[in-house]
Amino acid sequence: MAKAKKQTARGRKQDRARVAGGQDYEVNYEAKKTRRSASAVKKAVKKVGSSRKKVESKLKRR
């Protein structure tokens, strides 16, 4: 029988560093956090990519 893989927090950390533009709950969370509309968040994700830091800085500049 194969040995079970050790669980690490790496995957979770990487996931939190991204905004999934197709996931409504993530878009709504980011919209509420930055006080912008959900469509503005989706546009920012398309423009700068899915990096949370880049999306937040793009939304704050407007």
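In terms of heavy-atom proximity, Ala44 sits nearest to Val55 at CB-CG1, 4.1 Å.
With sequence neighbours excluded, the residues forming a salt bridge (Lys or Arg N to Asp or Glu O under 4.0 Å) with Lys33 are Glu56, listed by chain and number. Not counting sequence neighbours, the partners of Arg52 by the side chain to side chain donor-acceptor pair (under 3.5 Å) test are Glu30.
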Using atom types as modelled, flag every donor-acceptor pair under 3.5 Å from a side chain in residues 19-28 to any protein atom, sequence neighbours excluded.
| residue | atom | partner | partner atom | Å |
| --- | --- | --- | --- | --- |
| Glu26 | OE1 | Ala20 | N | 2.9 |
| Asn28 | ND2 | Asp24 | O | 3.1 |

